[in-house]
Amino acid sequence: MGLLKEFDKGQHAGNDLHSFAAELYPICRSITGNGLRRTLTMIQNRIPLQIFEVPSGTQVFDWTVPKEWNIRDAYIKDTSGNRIVDFQQCNLHVLNYSVPVRAAMPLAELKSHLFTLPEHPDWIPYRTSYYKPDWGFCLSHKQMLGLTDGIYEVCIDSTLEDGHLTYGECYLPGKSKAEVLISAHVCHPSLANDNLSGLAVATFLAQFLSKHDLRYSYRVLFIPGTIGAITWLAQNSEAVCHIRHGLVLTGIGDSGGFHYKRSRCGNAEIDRATAHVLGHCGEPSEVLEFSPYGYDERQYCSPGFNLSVGCLMRSVWGTFPEYHTSADNLDFIQPRQLARSLRLCVSIFDVLEDNRSYLNQNPYCEPQLGKRNLYRSTGGDSFDKEITARLWVLNLSDGEHSLLDIAERSGLTFAAIRDAAGLLYENGLLTEITGPRISTPGRK
Amino acid sequence: MGLLKEFDKGQHAGNDLHSFAAELYPICRSITGNGLRRTLTMIQNRIPLQIFEVPSGTQVFDWTVPKEWNIRDAYIKDTSGNRIVDFQQCNLHVLNYSVPVRAAMPLAELKSHLFTLPEHPDWIPYRTSYYKPDWGFCLSHKQMLGLTDGIYEVCIDSTLEDGHLTYGECYLPGKSKAEVLISAHVCHPSLANDNLSGLAVATFLAQFLSKHDLRYSYRVLFIPGTIGAITWLAQNSEAVCHIRHGLVLTGIGDSGGFHYKRSRCGNAEIDRATAHVLGHCGEPSEVLEFSPYGYDERQYCSPGFNLSVGCLMRSVWGTFPEYHTSADNLDFIQPRQLARSLRLCVSIFDVLEDNRSYLNQNPYCEPQLGKRNLYRSTGGDSFDKEITARLWVLNLSDGEHSLLDIAERSGLTFAAIRDAAGLLYENGLLTEITGPRISTPGRK
Amino acid sequence: MGLLKEFDKGQHAGNDLHSFAAELYPICRSITGNGLRRTLTMIQNRIPLQIFEVPSGTQVFDWTVPKEWNIRDAYIKDTSGNRIVDFQQCNLHVLNYSVPVRAAMPLAELKSHLFTLPEHPDWIPYRTSYYKPDWGFCLSHKQMLGLTDGIYEVCIDSTLEDGHLTYGECYLPGKSKAEVLISAHVCHPSLANDNLSGLAVATFLAQFLSKHDLRYSYRVLFIPGTIGAITWLAQNSEAVCHIRHGLVLTGIGDSGGFHYKRSRCGNAEIDRATAHVLGHCGEPSEVLEFSPYGYDERQYCSPGFNLSVGCLMRSVWGTFPEYHTSADNLDFIQPRQLARSLRLCVSIFDVLEDNRSYLNQNPYCEPQLGKRNLYRSTGGDSFDKEITARLWVLNLSDGEHSLLDIAERSGLTFAAIRDAAGLLYENGLLTEITGPRISTPGRK
């Protein structure tokens, strides 16, 4: 009992989380390739990560694993031979998955391969072309406006060849084979909130969980977005059957309040646990309805799987101007926010781990708490929340309510209800209901 | 697919609707008689209408078809022999269903047979006495105040004899025997909104529907209020069994916003379709709960039938001062409002006609829309509503959701969802679920 | 039909209620003992009350009936021999259930046995120590501050010996063995709102009910709080099985608006009936969700019993400063408030008594009310609530709706619906549904 209590015993200032993001930041990641491999290796240095390689051309449901992309260098040189746009300076400069090119061309022709953000003239956009062979450069609008006519030399020293899609999986066995899935995408290059924040939090989460006894088994996936989730689902049908709850982590390092997007079913235990935790977390938060556009919950919540997987964010992708631009940099994410996001995840799993159902052994009238010294609070002698929590647990432990049900109905925190149940259990006033879990989605 | 698209190809300025109402306006209608017959004949000139005659004395559930009422003339003459109240000037002047009378009487005696509206001294009220034999005159309060003492000659040259109750039925067969019922009452004399507006819209609706392939069969009833609906229900038990959805149309020509009164069940497909259409129609509208007082939905929604029939109005009867007075005249209804009401009805049937359920053929993860060129909108290259609609359709086409369910949950219009489904179907990504309809009332 | 109509024929000014409370006020009650016995005898003078004696030491579920407590005198004398705190002046001065004591002690030692209310320096608090042997005195904070050093003589002339717990039960048989439980606690000494108000209202209620034919049997319990309810439940398992609805009455004499705390199930017929009555009572009122802390509904709503018992109050215990102090005196409760509380209880039972289900004998279309002279209101000739009520009853009397269901859905009062049903029944338009009650909790 008490994953969160264990967590709070340690130091989690957030600087470690930010430093790890900073280490990963310069790497040019994509949905395949060596940048992705290097990233997974750096995660592997911290947690027991198994790395999988899936060959290009592998059919995964309606999709095909693409050729592997790698890049050594890319630049645009002006007539004087100066690198005016340089991949070595910033990997966002190259259209991700650009086919190789070496050419000289006038500005007019070059322009059809340039991407800018007129509304943010100092920022470099992040663009990809995974499935349509193309090449291009991304640069600030200000820089593009300054380009003079002339012949430019362009070079993208990339390869797009049969290879592999790489992903990492950290499996932490618990008492039960029933699983909690944590999923973070790892395919974005130098972007901090999207999704080094999720990747760092998922890593530290796995590190923390690996040190504690767990009720559920946890599977933490570090996968390329979309194609990675689809590949994993296609190749792990056995594991899929064990998933009971899941969270996609994305964009959780910025200064915004929390946003939780519900799973497709809308009232799964993960949805209720997260809504409960957010409601008591003391930070601004909002719970959003499911929609089929977003991150990899799209795949987990496709109708054939319909997994109980929600998505935890701070600012919602696409709603903040820095999204998918060079402004989503290491300054955009903050140690304190990362730390609080990590703690919030632990709070959610704290609920899942301890959400059990008990049976009141004295269901006829209240048991006499006074003679067991349970009618006085440990914190004082006024009638208070601790005793209220005990009465709630006794009243609703009828085989129809889980501790989360009781927390929701009473308005008390899950921790207060769980602690009350623990004390009553120790005093022989409750037995635990084993066998199939009785808490069902939608039950109040 | 696309009743509304077909409708929008045509011209529906509303002048034709208003002209038809104007043609019908002078006729003295009642729940039986030649005015009613003439009205039905004029409808028959426009649509394939079958006219039925039910003999007086026929038992229809708890009611009896009354004697037939006809009227040639009626007046009050003053002592100088001037017609001061003249049925030929306005048929509202006579208490509808007045028994014949020829008499001379002093003002004091006459007054017990006069009906006026003190609060609207210039208007003539509309009054009836169908089941209690009586006679009377309706006139403006101002005129009544001007009557001087003296002997008045009164004449109501009416007949109340065994005859028939007449009603008209326009049956438009569709692919299925399952029916949509459209019901308008035709028993009111010179009143425009109540219910020449409904009668005109129902006629034009039948005309429009008769020119298109239909999924449902449509039955448009032109019946006297209450006794007509009861008579039809009593004599058409076979047809009743086929009714799936229905709309009573009344008072839909005035300048007010739309009001839809739900069916007794409250969440029938017609209720949901109409609420959805109103929510997206761009006009002010309100959805009202069912109540057992109102128009013929009272009969259709009696507990023995409990049909899914709602009532579409603009201003609600009884809530506007012109209701059941001479001020409900041809100026009170407007071509533009009639036209928009007609279009709204088509919009509702557009939903009913196309509200089907599909099964996603790639239920595991999203299908790759890009390779089918479905991940770009036809209207532009930004990620927009069209693609969102496709993702919603794919996500919820699991055999549990109709297109209307998907429209409701996504917040998108039914048309957007239906068009997305069409495109996905053409691309082989959906199959239609045939067999019993799966959309059930109350499902979300 | 019409318990409330019968009630309103009589005079219920509230002075009698207040006088009865005043008679009972001086008695020193506790959870056992002669004060309790005397109280029950005074109730017995007014209603047919059976008094039960349960021996100390009797096991009742998890509890044991305690020794009996009686007290003759108690005081603190100063060095001059003056009774400065005197039980004869106010029985709140003694800690209820104090063990006997005779001693002399310095102020410093005495102080650990004194209870005051610093925030209300003129009031004497009410304190008990039923299960922990202790002794003490309660006095105003002002008085305590005035105590000078010196040796004080303390005397509590009480006994705590094997004896009995006493409670009273007034059983009023109705047509059915199904029961309505009314429960008031009788263990508080000189406190008026808590709970002489409830006790007086319960007595007058029993008196009123005993004079009328009843559908349900009523059982009115006058019991010591907590241990009394537990004892009764433990010893009356046969009666428990018959309880269909119940009300705990407490604190209903003060000037506050009504508060009703729902039963554990939350939507039982008693909950719906009370919410309905409160919504139409014309006084401010609030319906509160169930919680497991409060009065004896805690025991009735323990999970093993889960009875449909709510709690009716005016101001909620613990939320007003006079609660459990000498300021909860006879001025704190008002004749008018007591009278209105009594009438409200009758209104609730009026609903329970008459909440039946009927079957419309003409379910196909409306029956012709006009020919039965039911389409005119008795109160005027405008179409009004009486006729609306008839139409609602006819429309929803389909075997699925009770009169309370119809009242809730129509927004009309239960009385209006019940009267309409009565008239329709007399006219042969309804039959009553006998057999098992069809109204189930939660049905709309």
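Protein chains get the first letters and strands the later ones, always in sequence-line order, with residue 1 at the start of each.
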Original post:
Is it the backbone or the side chain of Leu394(A) that comes under 4.5 Å from a heavy atom of chain C, or both, or neither?
Top reply: backbone
**OP:** Would you indicate whether Glu238(C), at its atom CD, is surrounded by more than 12 heavy atoms from other residues, nucleotides or ligands within a distance under 6.0 Å?
**Re:** no
Subject >> Heavy-atom side-chain proximity of Phe290(C) to Asn395(A) below 4.5 angstrom >> reply: yes
**OP:** Examine whether an atom of Leu233(C) lies under 4.5 Å from a heavy atom of chain A, and if so say whether it belongs to the side chain, the backbone or both; otherwise answer neither.
**Re:** side chain
Subject >> Any Phe305(C) side-chain heavy atom under 4.5 Å of Cys365(A) side chain >> reply: yes
**OP:** Taking the side chain as every heavy atom from C-beta outward, state whether Leu391(A) and Tyr293(C) have any atom pair closer than 4.5 Å.
**Re:** yes
Original post:
Does a side-chain heavy-atom distance below 4.5 Å link Thr64(C) with Lys371(A)?
Top reply: no
**OP:** Using atom types as modelled and distance alone, determine if a side-chain donor or acceptor of Asp62(C) lies under 3.5 Å from a backbone N or O of Gln368(A).
**Re:** yes
Original post:
For the residue pair Tyr364(A) and Gly304(C), what are the closest heavy atoms and their distance?
Top reply: CE2-O, 3.3 Å
Original post:
Is the number of heavy atoms from other residues, nucleotides or ligands within 6.0 Å of OH (Tyr260(C)) greater than 12?
Top reply: yes
**OP:** Check whether more than 12 heavy atoms from other residues, nucleotides or ligands sit under 6.0 Å from atom OH of Tyr131(C), and answer yes or no.
**Re:** yes
Subject >> Whether Trp63(C) side chain and Glu366(A) backbone form a donor-acceptor pair below 3.5 Å >> reply: yes
